[in-house]
Amino acid sequence: MEKRIFAIVMAVFLVVTLAVAVSAAQATPTEHEVRVDGTSVDVRAFNIGGRNYFMLRDVAYILRDTPVRFDLEWDGERGAILIESGNSYAGTPAEIDGSATIAVPSRADVYVNDVLINFNAYSIRGFTFFQLRELGDALGFGVDFEDGAVLIATDRNYAPAGMTPLEPLPPTELVPMPELPGDEPGDHSDDAPGEIADDEPGEYAPSPAPPVATEGFAPITAAEWVAGVRTGWNLGNHLDARTARGQTVEQMETAWTNTVVTPQMVNSVYASGINGIRIPITWQKAIDNDFNIRADWMARVHEVVGYAVANDMYIMINTHHDDEIFRLHDRYMAESRRAVTTLWTQIANEFIDYNERLVFQGFNEPRTRNSPAEWSGGTPEERRNLNELNQLFVDTVRATGGNNAQRVLIVPTYAASGTAAAINDLVVPTDTVPDRIIVSVHSYSPWLFALQIGPDSTDRWDANNSGDTNPIRSYIDRAYNAFVRNGIPVVFSETGAVNRDNNAARIAWTEFYWGHAHSRGIPAFWWDNANYGVAAQTGGGAAETFGIFNRSTGAPTHQDIIDAMIRATAAQSAE
C-alpha cells in the first residue's frame, strides 16, 4: 500500500463515459433527509427516472465548509460549467419552485478541475441538477442511502477528477525502477529511462525445494478461513519495497526499513494476540524479462512465510507493487496476461505443499498509477480487464493442482477501493471448487483522521459522533451488502490510523472499526509500514506513522491498539 495526500496537478483532458440522458423526463420532488457527515442539511432534490437529482449550486453550498468544497461558474464562451475543487462556494441556495415539472437533459459541458466529465444531468427551471453519486465520484465525497436518508461523507477516500495522490517518500531513498520492455516513452513517470541490463548467466533459475513446508491440508471454505482470523497485521515495507532489479536480497528487503524480518519479530506479533498476517511481496524487482523469479528471492520469501507457519498463523501472500507488469488498458493486456500466468504459476507451485491457512491474494491495489480515476474506481475498460486478470489468476493457481486445487484465493476490487464503482463492477471469478473466493477491500476512514497529512487533517475521533462513525460504517456496509450477504466473504486487508499523538482517539477508532467489521463477518488487517513517532503536518511517506511493532526488537509499540482489536473481535457485536 502507498498512502497519499491530494494535490492539484496539471489538467489532463479526459472524457469519462457515463450514460447521458437523451430525452425529457418527469421530475417530482423528493423528501429524503440529507446528512453531511452526520449533520442534517436543508437541500431540495427531484426524482427523475427513479434517481435523485440535486441542484449543483445547492451541493456547492452545503459542502462549502468541508474538505471537499468546490466553487463553480458559467463559461459563456464555451457554454460550459466550470467546477474547481478546494475553493468555497460564496453564493446562496437558489430559490426555485419545488413542484413537479419536466426535466430537460442538460447539454452544457462540465469541467471538474479542467477535466471534461460527461455527467448525466438535467436542467429544471433553468438550474442544472446532477446525480449525487456521480458528483461524489468526480469531487471525492462518498454517498450512501440508509434508513430513508441520503448520507454524504467528506472523508475523501479517493481523489477528485483532476487531482491525484502524490507518491510517498519511503524511509530511505527509493532506487528508480527501470523501464520494462514494451513500455511506451513516458508511460511511467517514476521509472528511470533506459533498458534492463542483460541477465548474468545463472542469475535466474528455478527455486530449490521449499525450506519450510507444512504437513497435511484440510480443505476449508473461504468463510471458514475468514472466521478463523481473530485480527490481522501487515508486514509492510520489507519484502514489498519497490527497488531496481539487480540488487541483493538484503538490499531489496532493507531498502525502506533498514531492518530484515526475523523469527523473533513474527513470534512477537503472534504473542501479542494477532493470529493473521499479510506478507506483501513485490516481485518485479526480482524477475527477468520473461518474468522468471530469482531463486534467492523466492528462497527468502519461503523463509519469512515459514516464520508465520511456525506460529500456525493465518497467512496471506500477494503480488504488491507490481503495477508496471499488471497493466489494465487494452493495449497492454496481452503482456499482462503473460505476466499473471508466468508469475502465479511459479508462486503457486512453490507454495503448493503449504497447508490451508496459507492463501494467495492475486493483486494488491491493481490500478493505473497517476490516472484521474486511480482512486475513484478506475474506468470501465480497466475494471473489465481487472475482472479478466482476476479470473486468470484463479485459473492459473487451480491448474497447478495439489493443495492449490482447493486453496482459498483472494481477489481485489479496482485499487482495492470501496467506492461504489469498484465494488459494483467487480465480477467474482468462477471457480472449479465452490466457496473458495474472498474479496479484498482497503479503507482508511475517515480519511482526514486515519491518513490525511496536512492542514486539513484531524487528531480527533469520537464514537458518539455520527460524522466520525458514518464513513467507517458506509465502506464496511457497502462491502457487506454487495458480497458478504450474498455468500462471498470479504477481508479488509489494509486499514489503520496514523499516530498524531492521539492514542486515546486511535484506540477508540480501532475498537469501533474492528468491532463494526467483525459484526459484519469481515476481518481487518492493520497496515504497519515500520514508521513510528508522530505524524508531521507535511506530505511524504515518512509522515505516515502506522508502526505498532518495533522492527529491530519485535516488541509491540502499541499493545493498547492491539488490545482494542482483540476486545472488539471477541465481542459478539460492537453495535
Side-chain angles (χ1 to χ4, degrees), residues 204-222 225 235 239-240 277-288 290-306 308-309 313-322 325-326 335-364 366 386-412 428-440 489 491 493:
Y204 297 94
S207 170
V212 178
T214 62
E215 296 182 0
F217 182 91
I220 61 174
T221 66
W225 190 92
L235 178 69
L239 303 185
D240 60 316
I277 186 169
R278 181 175 183 249
I279 302 175
I281 306 162
T282 297
W283 300 91
Q284 63 186 32
K285 61 193 176 187
I287 59 175
D288 65 12
D290 292 320
F291 307 111
N292 297 307
I293 301 168
R294 278 171 45 178
D296 55 354
W297 181 246
M298 183 66 84
R300 178 56 179 156
V301 173
H302 275 294
E303 287 179 345
V304 174
V305 172
V309 169
M313 300 178 79
Y314 289 83
I315 307 163
M316 185 190 314
I317 63 174
N318 71 351
T319 62
H320 206 76
H321 295 312
D322 293 310
I325 56 177
F326 301 141
E335 191 73 353
S336 295
R337 285 189 287 267
R338 189 167 74 92
V340 170
T341 302
T342 306
L343 278 179
W344 271 111
T345 296
Q346 294 171 83
I347 298 167
N349 277 321
E350 287 285 341
F351 291 91
I352 195 170
D353 292 327
Y354 285 65
N355 75 13
E356 71 282 353
R357 292 202 173 192
L358 175 71
V359 301
F360 302 150
Q361 181 184 49
F363 313 99
N364 170 46
L386 174 60
N387 288 332
E388 180 181 343
L389 295 187
N390 277 335
Q391 182 67 61
L392 182 59
F393 155 68
V394 171
D395 294 343
T396 299
V397 172
R398 295 291 182 241
T400 61
N403 294 346
N404 293 335
Q406 299 190 68
R407 189 178 304 282
V408 172
L409 304 176
I410 302 177
V411 298
V428 177
T430 59
D431 201 356
T432 56
V433 58
D435 305 322
R436 295 297 195 279
I437 303 293
I438 299 172
V439 172
S440 171
V491 59
S493 56

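Owing to the predicted nature of the structure, the values given are computational and were not obtained by experimental measurement.
Scored by the ring-ring contact (aromatic ring centres under 6.0 Å, His included) test, W344 finds F360, F393 as partners (sequence neighbours excluded). Partners of T341 under the side-chain contact (heavy atoms from CB on, under 4.5 Å) rule, at least two apart in sequence or in another chain, are T345, L392, T396. Scanning for salt bridge (charged side-chain N to carboxylate O under 4.0 Å, His left out) contacts around R357 gives D312, with sequence neighbours left out. Residues passing the side-chain contact (heavy atoms from CB on, under 4.5 Å) test with D435, sequence neighbours excluded: T221. Listed by chain and number, the residues in a salt bridge (charged side-chain N to carboxylate O under 4.0 Å, His left out) with D431 are R398 (sequence neighbours excluded). In terms of the side-chain hydrogen bond (donor to acceptor under 3.5 Å, both in side chains) criterion, residue partners of N318 (sequence neighbours excluded) are, by chain and number, H320, Q361. Residues that satisfy the side-chain hydrogen bond (donor to acceptor under 3.5 Å, both in side chains) test with D395, not counting sequence neighbours, are Q391. Take T400 and apply the side-chain hydrogen bond (donor to acceptor under 3.5 Å, both in side chains) test, not counting sequence neighbours, and it matches N404. For A339, the side-chain contact (heavy atoms from CB on, under 4.5 Å) partners are F291, I325, F326, not counting sequence neighbours.
Contact of the D240 side chain with the I281 side chain is not registered, since no non-hydrogen atoms from C-beta on lie closer than 4.5 Å. Put simply, the side chain of V439 does not reach to within 4.5 Å of the side chain of P412, judged on heavy atoms. Looking only at side-chain heavy atoms (C-beta outward), T319 and N364 stay at 4.5 Å or farther from each other. Taking the side chain as every heavy atom from C-beta outward, E356 and Q406 never approach each other to under 4.5 Å. Within the 4.5 Å cutoff, the side chain of W297 has no heavy atoms near those of the H302 side chain. Annotation: side chain of F351 is in contact with side chain of V301 (closest heavy-atom distance under 4.5 Å). R338 is listed as a side-chain neighbour of D290, based on a closest heavy-atom distance under 4.5 Å. Between I347 and I293, some side-chain heavy-atom pair lies under the 4.5 Å cut-off.
The structure places CG of L358 at 5.0 Å from CZ of R407, a figure rounded to the nearest 0.5 Å. Between atom CG of residue D288 and atom CZ of residue R294 there is a gap of 11.0 Å, rounded to the nearest 0.5 Å. Expressed to the nearest 0.5 Å, how far CZ of R278 lies from CD1 of I410 amounts to 8.5 Å. Interatomic distance, I277 CD1 to I317 CD1, rounded to the nearest 0.5 Å: 12.0 Å.
Minimum heavy-atom separation, I437 to P489: O-CD, 3.5 Å. In this structure, I352 and G401 approach most closely via the heavy-atom pair CD1-O, 3.3 Å.
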(message) If you apply the rule side chain to side chain contact (heavy atoms under 4.5 Å, CB included), what do you find for N403 with N355, and how did you get there?
(response) CA-CA 7 Å; N403 294 346; N355 75 13; 6.0 Å; no
(request) Given side chain to side chain contact (heavy atoms under 4.5 Å, CB included), test I287 with N292 step by step and report yes or no. (result) CA-CA 5 Å; I287 59 175; N292 297 307; over 6 Å; no
(request) Decide yes or no on side chain to side chain contact (heavy atoms under 4.5 Å, CB included) for F363 and N390, but give the supporting numbers first. (result) CA-CA 8 Å; F363 313 99; N390 277 335; 3.4 Å; yes
(message) Using side chain to side chain contact (heavy atoms under 4.5 Å, CB included), reason through I438 and L409 one step at a time and then give a plain yes or no.
(response) CA-CA 6 Å; I438 299 172; L409 304 176; over 6 Å; no
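The main-chain N or O of T342 is found under 3.5 Å from a side-chain atom of Q346 such that the two form a donor-acceptor pair. Looking at S440, its side chain never comes within 3.5 Å of a backbone N or O of V411 through a donor-acceptor pair. A donor-acceptor pair under 3.5 Å is formed between the side chain of R436 and the backbone N or O of P434. Remark: the backbone N or O of T282 is not paired with any side-chain donor or acceptor of D322 at under 3.5 angstrom.
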